[in-house]
There are 4 protein chains.
Amino acid sequence: MNKNKPKFKQIIEAAVEVIAENGYHASQVSKIAKKAGVADGTIYLYFTNKEDILVSLFEEKMGQFIDQIANSIHKKQNASEKLFTLIEMHFRQLADDHHLAIVTQLELRQSNKDLRLKINNVLKPYLAVIDHLILEGIEEKLFREDLNLPLVRQMIFGTLDEIVTNWVMKDQKYDLLDQASQVHTLLVNGLSMK
Amino acid sequence: MNKNKPKFKQIIEAAVEVIAENGYHASQVSKIAKKAGVADGTIYLYFTNKEDILVSLFEEKMGQFIDQIANSIHKKQNASEKLFTLIEMHFRQLADDHHLAIVTQLELRQSNKDLRLKINNVLKPYLAVIDHLILEGIEEKLFREDLNLPLVRQMIFGTLDEIVTNWVMKDQKYDLLDQASQVHTLLVNGLSMK
Amino acid sequence: MNKNKPKFKQIIEAAVEVIAENGYHASQVSKIAKKAGVADGTIYLYFTNKEDILVSLFEEKMGQFIDQIANSIHKKQNASEKLFTLIEMHFRQLADDHHLAIVTQLELRQSNKDLRLKINNVLKPYLAVIDHLILEGIEEKLFREDLNLPLVRQMIFGTLDEIVTNWVMKDQKYDLLDQASQVHTLLVNGLSMK
Amino acid sequence: MNKNKPKFKQIIEAAVEVIAENGYHASQVSKIAKKAGVADGTIYLYFTNKEDILVSLFEEKMGQFIDQIANSIHKKQNASEKLFTLIEMHFRQLADDHHLAIVTQLELRQSNKDLRLKINNVLKPYLAVIDHLILEGIEEKLFREDLNLPLVRQMIFGTLDEIVTNWVMKDQKYDLLDQASQVHTLLVNGLSMK
DNA sequence: AATGAATGAGAATTCATTCAT
DNA sequence: CATGAATGAATTCTCATTCAT
């Protein structure tokens, strides 16, 4: 299968770099091929078209991203700790890979509706992890039982995503991880006084 | 000034419709001109280029959007009510204008970095309204005093934006306004049991 | 008749300035109108189209140019002196009007074949003056009698034109008139030793 | 290197034909591509843009033109014979290629200042050949020693150019080469009686 | 006579994808 | 498997000219 051949990953890594450096619209297939050290035509032996490179990039990177988070969460005792770990891992992984952060937060969003639907599919396992975490919190009586699951998921994901995007747009100048604890508190306790 | 001439608004309305119906990338200037009932060249008497149509569209629509919210909030007594009103008005205005919702949540995000920076500028007054509301809540001792202002702002905006985007991507099938109350509770009280 | 109305000349003067300053292709009708202090539409009350402005400009300016030369020559005694005067006047008039020199030597040549044919027509009286001068020289036995009239005319005009064009392309940095005497000698005596 | 690939010359030949037949402004890239039997995009594998086609055309054709003249001159004994050969070769080459004559004398002059400066650069070696010839004539005591080199060069080139242009504008109806001898006499002996 | 808002035709260039070698 | 030369569809913007006022 193509996915395990070295050139597959080679092309994906090249795509991340090229997109991070040049932006989505200036990232021609020929530029990615050059950076990957292959001929233009070779790209099409591993990917059906340009969109497939981007979807595969997202699958590959998000797969690892989600696995890392799922693994780390697994070890934690309760929903609150799990949420903290999820936030921390979400931030840490993007803070550790600046190119990837630019690509996922800014560049890939310039894709058309079709591609964005496929990207959403890739995100589903992550959203499932969040859902699971919320349900666990409810069972543990840490979270309120009347929580609207999709809404809470959207709040959590929307908050994290917006925070990371702001950080990327500010050129990643401050330390994203410093914010994990406060974000955790905000999500768990909201804005209210105790 | 061009902005007050009828054709300026006429072209913007046409642009919203065309983009909502055809998608960002399939919205040629000639299509917008045709829908607006003017010649292609007339577009360029009112806008410097295609990007300027989109920025102006966003300025025009978001200006009204923000004014409406600011006005409604103004009448409310405390920060909690104001936040509720902000959520409700945010949802209501997009729910009332399906085309606009599609354009702002999906299509305009496909624009390049340059345009997105301009769009962010247009959003600043809205973010200022949110900031103001948070500070008021803190003064009223409704909200915790240790709140990190940018972070809270990002949570609120990120949450609302993600919820609206999900609703648009689900083809606006359910009633967005029904969620306002629950979102308000979530933001104010977080996930915790009382 | 339009030609004697003040706006006719006003527009032509504006055209010379605009073309000299902006170049042929960047000289839109609207720019000429603005410089002339009239509305775009007004141009079309005095000229049938843009080409007509340029032809009229050339007619107007070349008419004066040729009249000046013809008058000056008339006073001279023999063909050699007349040729010298023609050269001197040709150079002087262009050296005295830098804008006109740029327009006639560089910018107007970028026009299409049609316009150039019309411009050639305007030049015919000048070429007739040259022809006349040559014939006079032959009659006076100053010039050889076996001269091929069109060829000599082309040599004289081609030489003067090339010299002026080189001077304009070198940004009119040196004194064109200084060359008149040498050019006269060259044309009369050729390259040979006496 | 692209310049030696067959398609490079193929496209240039097509450009000469298309421009000669349709005129400079009606010579779209797609027309040239069609005549050359390649796709529009292929043009841009060999030329950076449309202007580059024209500059390359001129370089290619003038390069040969000048080489031919330089070679022919080289064999001649004295400056007078060399000048005659230069005139004859100048005329012959343009008379032998009607399309090229139209393109160089009429169409390419409609280009903008930028392109014309580049074209002038291509002409420099030709002007150097002329300069060399004049200096040789002076050394041989055939030509006067007080000749102003740039001025003489401009007279020679201006004369030849004007004669060829007149011939092209008269639709190349008469035999250009017939004039070589008379032009030579004119340049060498001027207008004077012996 | 004068205005100037409106018109709409027209063309260079890019780049994802193919396929003969 | 790999190559890379060739393809060709697709779109913004300019500006000479008109005509209702």
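Sequence lines set the chain letters: A, B, ... in the order given, protein chains first and strands last, and positions in each chain run from 1. Scope of the values below: all heavy atoms of this structure, side chains included, with no hydrogens, waters or symmetry mates.
- Remark: P of F:dT14 and OH of C:Tyr24 are 19 Å apart, rounded to the nearest angstrom.
- Nearest heavy atoms, C:Glu107 versus C:Tyr24: OE1-N, 2.9 Å.
- B:His25 has its NE2 atom 14 Å from the C1' atom of F:dT12, to the nearest Å.
- With rounding to whole Å, C:Asp40 atom CG is found 12 Å from E:dA6 atom C1'.
- Minimum atom distance to the side chain of B:Val38 is reached by E:dT7, of the listed F:dT7, F:dT12, E:dT7.
- A heavy-atom distance below 4.0 Å to DNA chain E is reached by these residues of residues 42-57 of chain C, ordered by number: C:Thr42, C:Leu45, C:Tyr46.
- C:Asn121 and C:Lys124 are linked by a side-chain donor-acceptor pair at a separation below 3.5 angstrom, with hydrogens and angles left out of the test.
- Inspection of the C:Gln28 and C:Asn22 side chains reveals no N or O donor paired with an N or O acceptor under 3.5 Å.
- Put simply, NZ on A:Lys34 is 14 Å from P on F:dT3, counting in whole angstrom units.
- The number of heavy atoms from other shown groups lying within 6.0 Å of NZ (D:Lys50) is above 12.
- The NZ-P distance, from B:Lys31 to F:dA10, rounds to 11 Å in whole Å.
- Between C:Tyr126 and C:Met62, the closest side-chain pair of non-hydrogen atoms is not below 4.5 Å.
- Each of D:Gly41 and B:Val29 has a nearest nucleotide on DNA chain F; the 5'-most of these lies closest to D:Gly41.
- One interatomic measurement links the two molecules: NZ of D:Lys5 to P of F:dG4, which rounds to 11 Å at whole-angstrom precision.
- Among the protein residues, A:Lys7 comes within range of the sugar-phosphate backbone only, with heavy atoms under 4.0 Å from sugar or phosphate atoms but none that close to a base.
- When each of D:Ser30 and C:Ala39 is assigned the nucleotide of DNA chain E bearing its nearest heavy atom, the one mapping closer to the 5' terminus is C:Ala39.
- When base pairs are accepted only as Watson-Crick or G-U wobble with both N-N or N-O distances under 3.5 Å, DNA chain E takes part in stems of 3 or more pairs at E:2-21 with F:2-21.
- Each of D:Ser27 and A:Ser27 was matched to the nucleotide of DNA chain E holding its nearest heavy atom; the match closer to the 5' end belongs to D:Ser27.
- When all heavy atoms of B:Ser27 and B:Ile32 are compared, the pair lying nearest together is O-CD1, 4.3 Å.
- By the 6.0 Å contact criterion, NZ on D:Lys31 is enclosed, its count of non-hydrogen atoms from other residues, nucleotides or ligands being greater than 12.
- Checked options A:Lys61, A:Lys35, A:His99; the residue passing with A:Glu13 is A:Lys61 (criterion: side-chain hydrogen bond (donor to acceptor under 3.5 Å, both in side chains)).
- The side chain of A:Gln28 lies closest to E:dA16 when the candidates are E:dA16, E:dA12, E:dT3.
- At least one side-chain heavy atom of A:Leu123 sits less than 4.5 Å from a side-chain heavy atom of A:Phe58.
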